[in-house]
There are 2 protein chains.
Amino acid sequence: MPTSTVENYLKTIYMQQQRAGGKNVAMGKLAKAMDVVPGTATAMIKTLADSGLVDYKPRGGVSLSDKGETLALHILRRHRLLELFLVEVLGLDWTEVHDEAEELEHATSDKVLARIDDYLGHPDTDPHGDPIPPAKGAHAPVQLKSLADSATQKKLVIARVVDQGCEFLQFLNQHGLRPGTRINILSYDRVVDAITVKPYKHEPVTLGMAAAGKILVEKPAT
Amino acid sequence: MPTSTVENYLKTIYMQQQRAGGKNVAMGKLAKAMDVVPGTATAMIKTLADSGLVDYKPRGGVSLSDKGETLALHILRRHRLLELFLVEVLGLDWTEVHDEAEELEHATSDKVLARIDDYLGHPDTDPHGDPIPPAKGAHAPVQLKSLADSATQKKLVIARVVDQGCEFLQFLNQHGLRPGTRINILSYDRVVDAITVKPYKHEPVTLGMAAAGKILVEKPAT
DNA sequence: ATTTCAATTTTGAGTATTCAAAATACCAAA
DNA sequence: TTTGGTATTTTGAATACTCAAAATTGAAAT
Ligand SMILES: [Mn+2]
Ligand SMILES: [Mn+2]
Ligand SMILES: [Mn+2]
Ligand SMILES: [Mn+2]
């Protein structure tokens, strides 16, 4: 029974590794992501390595072992199912469920999680469009382009938002930009580093490229 | 932000104090209830006293301060509301929700709890018949007699079961004895220390007085 | 008044997690 | 090759919680 601290480290390593394309995660990055000083991360990683949850080469960074990855995916599954449950069943806002799930993910048993999964009809994406890892087996990694890389398309649908920051999410929400929303690209300007989109039934919004990079899109289905 | 350890101590002290009729709780009792050695309880109580959550007289036992009692009631409210939610919404068995709630009670925010309360329609008893403390203000203590003290009545309704042990609860469940069940007392024998009851639509069951003492009853409403 | 014993407290130590600050290693520029 | 400078690790210490075992206390029994 890993502590919630351990679970958080594993989940963070997993996500950093994703972002970095499977490579080892540098201790500095990890420490930053976990909001601890570097020495703390080093100490913790050493104990995780002793438990066989990660592979660690001093000054070479960390990566998850198979055991660690399995665990990390379980936590991630918990987290995302809980987020969806909070939105769908309890009516919380999709901009605020992340922090709630961050705690609940460590207190929810497999039994309760299975009920939640049933209740929701075995969904495969959470309120932010993030894929929910299956109970067993690997999930096919969906390849999505960001809004910043989709200048050529005029009509798109928001598929996923890769930032859990409440401020950012609330901004998007205010302007009608949420997973599932159809949008039109009105202008795309590399020079001023900005893109203007019109969300369905909302006023146009202009975003910087950094922000646009966090919004993943796909072609409209219909 | 008290740790979950602190929350568990406070809740336990509250319940012990109830059982003992408001008097101070002896360290031995507390240690037993918390499943720690006595020295651990003493150490913890000293820090709780320093935080102003309990009153402690060395060798005189502990009691909750006003601050501590308020907190204890919040945890208890969380616990019971969560139990009911698990039963009503997720379909868990009333015999198994206690342990789940024991963890979730420390991870559930006030916001989520309020939604759960709304969802359930502001209930006032949990699946075991235990009263759910209100969000604010004190609850009127309901006075219930146990089955062991109700020999004179023939027709009764189970109001509450004051034991969270999975074994005991499952036994009751198997024989159709749950909160809300109407029962008839078939025999009551002080000499052999046993009482036989017939639950509505179930076969008669014989219980020892110790077990009967954990089943609280009231007069049938209808 | 003494003895005795159970309850309680104290002491010493261990695990898990964290930080501040000093030491070290590595890569890259000069 | 020497010098930096940054990333990382190490060291020393703190907090929260716990146990084992020794010391103490208070009250009941003699
Ligand atoms: Mn978490
Ligand atoms: Mn999410
Ligand atoms: Mn608990
Ligand atoms: Mn209960």
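Values reported hereafter were calculated over all heavy atoms of this structure, with side chains retained and with hydrogens, waters and symmetry mates removed. For clarity, every value in this text was computed on a predicted model and none was experimentally measured. Letters A, B, ... are given to chains in the order of the sequence lines, protein chains preceding strands, and every chain is numbered from 1.
Qualifying side-chain contact (heavy atoms from CB on, under 4.5 Å) partners for A:Thr70, counting only residues two or more places apart in sequence or in other chains: A:His74. By the side-chain contact (heavy atoms from CB on, under 4.5 Å) test, B:Ser4 pairs with B:His106, sequence neighbours left out. Residues passing the side-chain contact (heavy atoms from CB on, under 4.5 Å) test with B:Pro123, sequence neighbours excluded: B:Leu81, B:Leu84, B:Asp117, B:Leu120, B:Ile132. Looking at residues two or more places apart in sequence or on another chain, you find a ring pair (Phe, Tyr, Trp, His ring centres under 6.0 Å) between B:Phe171 and B:His175. Taking B:Arg160 as the reference, B:Asp130 meet the salt bridge (charged side-chain N to carboxylate O under 4.0 Å, His left out) condition, with sequence neighbours excluded. In this view, A:Lys111 and B:Glu96 satisfy the salt bridge (charged side-chain N to carboxylate O under 4.0 Å, His left out) rule, not counting sequence neighbours.
Ring geometry for A:Tyr119 against A:Phe85 counts as perpendicular: the plane angle is over 60°, on a 0 to 90° scale with 30° as the lower cut.
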- Query: How does each nucleotide of nucleotides 4-18 of chain C score, in 5' to 3' order, for protein heavy atoms under 4.0 Å: base (B), sugar-phosphate only (S), or none (-)?
  - Reply: ---BBBB------SS

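Evaluation of the salt bridge (charged side-chain N to carboxylate O under 4.0 Å, His left out) test over residues 6-15 of chain B, restricted to residues two or more places apart or in two chains, returns B:Lys11-B:Glu102, B:Lys11-B:Glu105.
Rounding to whole angstrom units, NZ of residue A:Lys32 and P of D:dA7 are separated by 9 Å.
The stretch residues 13-24 of chain B has no heavy atom under 4.0 Å from DNA chain D, so no residue of it qualifies as close.
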